[in-house]
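One-based numbering, in listed order, for ligands and for the atoms of each.
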Amino acid sequence: MIDLYYWPTPNGHKITMFLEEAGLPYAIHPVDIGKGEQFTPEFLAISPNNKMPAIVDHAPADGGDPLHLFESGAILLYLAEKSGQFLSGDFRIRQRTLEWLFWQMAGLGPMLGQNHHFNRYAPEKIPYAIERYVNETHRLYRVLDQRLGQADFIAGEDYSIADMAAYPWIVPYRAQQMDLDAFPNLKRWFDAIGARPATRRAYALGERYRSDLTSAQARGHLFGQR
Ligand SMILES: N[C@@H](CCC(=O)N[C@@H](CS)C(=O)NCC(=O)O)C(=O)O
């Protein structure tokens, strides 16, 4: 059994998308980041960076104590290796998958996160910051669109953890000031993943845990940290 520490944000959705696809048994432990639940000692013991998602695997492959992990990319890689799914055993496809997984973790996620911050959460609208991150979002969408012009999925012809990492960051494309019609390959991929039953289940599950992360209380927890 896997315990998933979760809130329905893009990084949280990545892991429910994987678990729903793979059919691994899991239990959700909500971490309401708008209420500051990411700062409890119990959560920090498994996720010292005070961010979700995190998991605890009670049946790790080495047969040892329960294993805890934070960082969504590390979790996706762990679950892919544990289940033997969504990460090809083919040498070259595996490298391609990891390359794009790291691209998502180091580029797409952080840059689009700043887009969300300055477009949606910042109390004052700072034109320079908004333009900077909308431009960067546009550039990253273009890179992904070009890649998806070469293959059905990011790592090749099969759906993989690279797709699961990127998809939830494209879902809020309107809030990011992006027009998906300008990226036809990306749009084709986005529609195909959105239609997968496991994706639908993952997003339906997220609806149970919605909260307003723009409230004054949530902003205090999320953006008042040092
Ligand atoms: N690089 C991390 C980022 C995780 C992350 O930013 N989580 C956010 C929500 S999407 C969070 O838990 N924020 C709570 C906080 O900053 O206190 C990952 O991919 O897991």
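In this structure the side chain of Ile2 never reaches within 4.5 angstrom of the side chain of Val56, judged on heavy atoms.
By the 4.0 Å heavy-atom criterion, His221 is excluded from the residues contacting ligand 1. Between Pro53 and ligand 1 there is a heavy-atom distance shorter than 4.0 Å.
Closest protein heavy atom to atom 19 (O) of ligand 1: Ser72 OG, 2.6 Å. Looking only at heavy atoms of the protein, atom 16 (O) of ligand 1 is closest to Lys51 NZ, 2.7 Å. Closest to atom 3 (C) of ligand 1 among all protein heavy atoms lies Asn11 ND2, 3.6 Å.
Ligand 1 places these atoms under 4.0 Å from at least one heavy atom of Gln38: 14 (C), 15 (C), 17 (O). The atoms of ligand 1 that sit less than 4.0 Å from any heavy atom of Asn50 are 14 (C), 15 (C), 17 (O). Every atom of ligand 1 is numbered from 1 in the order shown, and the set under 4.0 Å from a heavy atom of Thr9 is 9 (C), 10 (S).
Checking Leu87, Ile161, Leu69, Ile55 one by one against Leu79, the side chain to side chain contact (heavy atoms under 4.5 Å, CB included) holds for a single residue, Ile55.
Ring orientation note: the planes of Phe43 and Tyr5 are tilted relative to one another, at an angle of 30° to 60°. Ring planes of Tyr203 and His13: parallel class, angle under 30° (limits at 30 and 60°). Ring-plane geometry between Tyr121 and His117 is classed as tilted, the angle between the planes lying from 30 to 60 degrees on a 0 to 90 degree scale.
At least one N or O atom of Met52, backbone or side chain, sits closer than 3.5 Å to an N or O atom of ligand 1. For ligand 1, the polar-atom distance check against Glu71 finds a nitrogen or oxygen pair separated by under 3.5 Å.
At a heavy-atom cutoff of 4.0 Å, ligand 1 is contacted by no atom of Asn49, backbone or side chain.
Annotation: cation-pi pair Arg196/Tyr159 present, NZ/CZ under 6.0 Å from the ring centroid and within 45° of its normal.
Heavy-atom contacts from other residues, nucleotides or ligands closer than 6.0 Å to NZ of Lys187 number 12 or fewer.
Taking the centre of each ring, Phe183 and His138 come in below the 6.0 Å mark.
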